[in-house]
Amino acid sequence: MGQLIIIVAMFALLWLLFIRPQARRRQTQQQLLSSIDVGDEVLTVGGMYGRVISLGDEDDLQLEIAPGTRVRVARRAVATIVPPDDDLAELEPVDANPR
């Protein structure tokens, strides 16, 4: 009977440490992918920044990565939506070599 309790406790620990956090990450990623809209700036898993031009089917979207350059990417390749940095645009550049 004591061994059965240990086995059940090990499975509960495995669930708490591995399965539950992975399910939570998967749920937040699904919420992120469903919240993508036209005009959002996104970062792909490959490290490419772009603005969403159009949403295709459920599986893909079109990004503009440079003026006039559009690419089609899988929706699941989006790592994050980049928040607008209005405050950073107003800052003056910092001189890297002050004298």
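Model, not experiment: these values are computed from the prediction. One is the number of the first residue; the rest follow in order along the sequence.
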With L63, the side-chain contact (heavy atoms from CB on, under 4.5 Å) member among D40, I53, T44: T44

Side-chain donor/acceptor of S34 to backbone N/O of Q30, under 3.5 Å: yes

CE-CD1 distance between M1 and I6, expressed to the nearest 0.5 angstrom: 12.0 Å

L33-V52 co-clustered via ILVMFWY side chain contacts under 4.5 Å: yes

Any side-chain heavy-atom pair of V78 and L61 under 4.5 Å: yes

Lys/Arg-Asp/Glu bridge criterion (N-O < 4.0 Å) met for R75, D59: no

Spatial distance of atom CD (Q62) from atom CZ (R72) [nearest 0.5 Å]: 9.0 Å

N-O pairing of E64 and R51 below 4.0 Å: no

M48 side chain reached by I65 side chain, heavy atoms, under 4.5 Å: yes

Residues that, via side-chain heavy atoms closer than 4.5 angstrom, fall in one hydrophobic cluster with L16: W15, I19

Straight-line distance of L14 CG to R20 CZ, nearest 0.5 Å: 13.5 Å

Cluster link M10 to V8, ILVMFWY, side chain under 4.5 Å: no

Atom pair OG1 (T80) and CD (E41), whose distance is rounded to the nearest 0.5 Å: 10.5 Å

Minimum heavy-atom distance L32-A79, with the two atoms named: CD2-O, 3.4 Å

Which atom of Y49 lies closest to which atom of V82, heavy atoms considered: CE2-CG2, 3.7 Å

Pairwise distance CZ(R25) to OG1(T28) - rounded to 0.5 angstrom: 8.5 Å

Same cluster (ILVMFWY, side-chain, under 4.5 Å), I7 and L13: yes

side-chain contact (heavy atoms from CB on, under 4.5 Å) between I36 and L55, intermediate numbers included: CA-CA 9 Å; I36 296 174; L55 302 172; 4.1 Å; yes

